[in-house]
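Every chain is numbered from 1, with letters handed out A, B, ... down the list of sequences.
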Protein chains: 2
Amino acid sequence: MNHKTLLDYINKHINLTVEEEAILFSKVVHRNYLKDQYIVQQGDTCKHTNFIISGCTKTFYMDEKGQEHIVMFSIEDWWTSDLGSFITQTPADFNVQCLENTQLIQFTTESLEALYIEIPKLERFFRKVAERAIVASQKRIIQNFSLSAIERYQIFKKTYPEIDQRVPQYMIASYLGITKEFLSKIKSELIQKQ
Amino acid sequence: MNHKTLLDYINKHINLTVEEEAILFSKVVHRNYLKDQYIVQQGDTCKHTNFIISGCTKTFYMDEKGQEHIVMFSIEDWWTSDLGSFITQTPADFNVQCLENTQLIQFTTESLEALYIEIPKLERFFRKVAERAIVASQKRIIQNFSLSAIERYQIFKKTYPEIDQRVPQYMIASYLGITKEFLSKIKSELIQKQ
DNA sequence: AATGATTGTTAATCTAGTTTAACATCATTT
DNA sequence: AAATGATGTTAAACTAGATTAACAATCATT
């Protein structure tokens, strides 16, 4: 079963009994999306937090000028959703779209609330997930401020080598906050130096 | 007692009995810092998460070139610390320094762990605090990407009018990710338009 | 009241990154 | 094999914001 990926992940943080595992999986939905499908759409209220079993997604924001800004990529063993929309049940600021065929495990607000009551340990687990997300998010803020585009690209490649391979270059430019043309220039400069 | 501020804040999210409130306050420390004192220092391991009862702090990062980058300001009713350092107990990336005399309530890792056992409801509370922090952090990432410095400044003023008043202008420039000279230029342009 | 420290302004020059636009490469479909 | 669409490259002209440097204004402190 594909539930194993999620269990392995959870068991890094807390220990569930076999019964608790059964309760957990009775309350989640296993779902497949195709490449290019949207998991969350800007403006809709986000109904799920999603754990990725396989595949790859981009979370992006479309500004008033129609420009796409990629906030994060997510792959196997990561979470994806518009957390802001999900927790406050207000319209989403972000889109989440599949870059590959993607298998998810979905938690609704209701199923999570029910799970928190039946398995209080899960509060701890999701607190830890949230804490880790804050740390990652704050690291990004620092980097965007104090580093040049070249430095940010080099760090990106080191930190997420898999993603650098799997995702088209113009999306990486968007993630880095620069144009695709400038990323292209950076890359050719980096090659010439070596 | 000054504990009231924290209780009011907690009671927005969960309900504590009088006994639980007593347990909570038996495990925290109430502490005063003077203007300019450091609550957290880059390189040290961060020992506390701090709830601010009164005063104002800046959280900043000092880069290799010796430049200061302000990640956030915090005032009454907000939390401050280097969460990344605190939760992983590794050296802090950030400094937290008081911009005014500041009164805090401090939670250590040990007191929090003990509290989570004695009052499991607090897991939920701190999960919610963490979730809100993620949302705020992600909003900042979007803004830095898709908006010009002028737009970011206008949003800052609207979102945190109190802070705009209480904090020197060059620090606001640092928070916005621009130089103090450029912020000065922006402000005079905005005044001329009206 | 005077001195120096801290904060803020203005203007000239400079640069990292954008825009535009034309072209090249690669994949997918017919 | 040709055609279409998606992705990537290069180069010239442009702009938001940085840097430098000189000067005001505001403030504590003696």
Which whole-number value in Å describes the distance from A:L147 CG to C:dG17 P?
11 Å

Roughly how many Å is it from NZ in A:K185 to P in D:dA11, rounded to a whole number?
10 Å

Find the distance B:K180:NZ to C:dT9:P and express it as a whole number of Å.
11 Å

Any side-chain heavy-atom pair of B:R127 and A:K128 under 4.5 Å:
no

Just wondering, are more than 12 heavy atoms of other shown residues or ligands nearer than 6.0 Å to CZ in B:R132?
no

Could you check A:L183 against B:S148 and say which one's nearest nucleotide on DNA chain D is further toward the 5' end?
A:L183

Should the pair B:K4-B:D8 be classified as a salt bridge under the 4.0 Å nitrogen-to-oxygen rule?
yes

Between A:Y9 and A:F51, what is the ring plane arrangement, given parallel below 30°, perpendicular above 60°, and tilted in between?
tilted

Using side-chain heavy atoms (C-beta onward) and a distance below 4.5 Å, is B:Q138 in contact with A:F94?
yes

Qualifying residue, where the test is side-chain contact (heavy atoms from CB on, under 4.5 Å) with B:I52 and the options are B:I39, B:T5, B:T57
B:T57

D:dA16 P sits how many Å from B:E189 CD, rounded?
9 Å

Option among B:W79, B:F86, B:Y116 that satisfies the ring pair (Phe, Tyr, Trp, His ring centres under 6.0 Å) test with B:F107:
B:W79

To the nearest Å, give me how far apart CD1 (B:I186) and P (C:dG8) are.
15 Å

Spacing between A:I191 atom CD1 and D:dG8 atom P, to the nearest angstrom
13 Å

Under-4.0 Å salt bridge between B:K121 and A:E123
no

note: A:L99, atom CG; D:dT7, atom P; distance rounded to Å ~ 10 Å

Report the distance from atom CG of A:N144 to atom P of C:dA16, rounded to the nearest whole Å.
18 Å

To the nearest 10 degrees, what angle separates the axes at the start and end of the helix from C:dA1-D:dT30 to C:dT30-D:dA1, five pairs each?
40°

Regarding B:E181 and B:S184, is there a side-chain donor-to-acceptor distance under 3.5 Å anywhere?
no

Hey, can you pull the residues of residues 162-179 of chain A with a non-hydrogen atom under 4.0 angstrom from DNA chain D?
A:P168, A:Q169, A:Y170

Check: A:F125 ring centroid to A:H13 ring centroid under 6.0 Å
yes

Which residue in the set B:F73, B:W78, B:Y153 passes ring pair (Phe, Tyr, Trp, His ring centres under 6.0 Å) when paired with B:Y160?
B:W78

Reading nucleotides 21-30 of chain D from the 5' end, what letters show protein touch, with B for base, S for backbone sugar-phosphate only, - for no heavy atom under 4.0 Å?
B---------

With respect to the phosphate group of D:dA16, does any side-chain polar atom (N or O) of B:R152 fall under 4.0 Å of OP1 or OP2?
no

